[in-house]
Each structure stands twice: as C-alpha cells, then as structure tokens.
Amino acid sequence: KVEKKVKLVYKIWIEGKTKAFGEGPYKLLRKVEQLGSLNKAAQDMNMSYSKAWSIIKRAERELGIMLVESNKGGTGGGGSRLTRQAKTLLTQYDEFYREAGEKLTKLYSKYFGELL
C-alpha cells in the first residue's frame, strides 16, 4: 500500500468582532492553570507578558466573560488563576474540538478517502 502524502489539517476558533478564542488562547490558559502565573505562562511560551495579557483581555472582551483572576505581588509574589468560567470554557473547548475532529476525519474519509 502506498503511504498517503496528504492529511487533513484544521483550525477551529470562536470569533466576535475579532478572533476571540482558539488554539493560542487555549494553550495560554492551560499554561496559566499549570504554572499559576500569567507571567510564567508567557515566559514558558516564549511570549512577552504584554502579548499574553492582550490575548487574555481580547478573549475576555470578545467572549464577555472573565478568564483570569490575578493576585498582586507581596511576600510570596503575585499569581494568576483561572476563573470558574475559564475552566468550563477549556473543558467545553476540549470536548468540542475532539468531537469536531472526529466528524471532520469521517467527512474527509468520505470525500477524499479513495481519491487521496
């Protein structure tokens, strides 16, 4: 059997007036959840803090929900945590993306399986 040279690739995002939420904001929020800090998440992703901040703020504005709660510095330093709504959004996005991927893969096979 000949190895396939092409494959299905897709990106899914939610849009308002501008791009509101997709893979980038998703990964950033997961890093904030993991590291407990927007600054640490930005550093880990090789991105400036200001860029990370603007991604979060744009998503919050477009989606109409708060995603990150920040604690100001002090003895132990500052930090960030996801809001309950952000955790729900990430869970729903995970499930939606997985299910959409399954359906897109089936459609791809249906229309291009024999051809490509």
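Each residue takes its place number in the sequence, starting with 1.
With a 4.5 Å cut-off on side-chain heavy atoms, Val68 and Thr83 do not count as touching. Residues Thr88 and Tyr93 form no side-chain contact, since every pair of their non-hydrogen atoms from C-beta on lies 4.5 Å or further apart. Considering only heavy atoms from C-beta on, Lys51 comes within 4.5 Å of Ile55 through its side chain.
With sequence neighbours excluded, the residues satisfying side-chain contact (heavy atoms from CB on, under 4.5 Å) with Lys40 are Leu35, Ser37. Tyr10 is linked by a ring pair (Phe, Tyr, Trp, His ring centres under 6.0 Å) to Tyr97, counting only residues two or more places apart in sequence or in another chain. Among residues two or more places apart in sequence or in another chain, the salt bridge (Lys or Arg N to Asp or Glu O under 4.0 Å) test is passed with Arg84 by none. Partners of Ala41 by side-chain contact (heavy atoms from CB on, under 4.5 Å), not counting sequence neighbours, listed by chain and number: Leu28, Lys31, Val32.
Side chain of Glu60 to backbone of Leu67: a donor-acceptor contact under 3.5 angstrom is found.
Residues Tyr111 and Val9 are members of separate hydrophobic clusters, defined by side-chain heavy-atom contacts under 4.5 angstrom among Ile, Leu, Val, Met, Phe, Trp and Tyr. Connection of Met66 to Leu38 is not established within any shared hydrophobic cluster, with ILVMFWY side chains joined at heavy-atom distances below 4.5 Å, either directly or through further cluster members.
Annotation: the span from Leu63 atom CG to Leu89 atom CG amounts to 6.0 Å, rounded to 0.5 Å. The NZ atom of Lys57 sits 14.0 Å away from atom OG of Ser50, with the distance rounded to the nearest 0.5 Å. Atom CG of Leu82 and atom NZ of Lys87 lie 6.5 Å apart (nearest 0.5 Å).
Among residues at least two apart or in separate chains, side chain to side chain donor-acceptor pair (under 3.5 Å) pairs with a member in residues 13-28 are Trp13-Glu15, Thr18-Glu62, Glu23-Lys27, Tyr26-Arg30, Tyr26-Asp94. Applying the ring pair (Phe, Tyr, Trp, His ring centres under 6.0 Å) definition to pairs two or more places apart or across chains, none involves residues 34-64.
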Trace of the side-chain contact (heavy atoms from CB on, under 4.5 Å) decision for Leu8 with Phe112: CA-CA 10 Å; Leu8 175 65; Phe112 301 108; over 6 Å; no
Are Tyr108 and Val6 close enough, and set up right, to give a side-chain contact (heavy atoms from CB on, under 4.5 Å), and what steps lead you there? CA-CA 11 Å; Tyr108 179 78; Val6 295; 3.5 Å; yes
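Here Glu102 pairs with Arg98 in a salt bridge; the nearest charged N to carboxylate O distance falls below 4.0 Å.
For Ala52 against Ala42, the heavy-atom pair with the smallest separation is CB-CB, 3.7 Å. Across all their heavy atoms, Ser70 and Ser80 have their closest contact at OG-OG, 3.5 Å.
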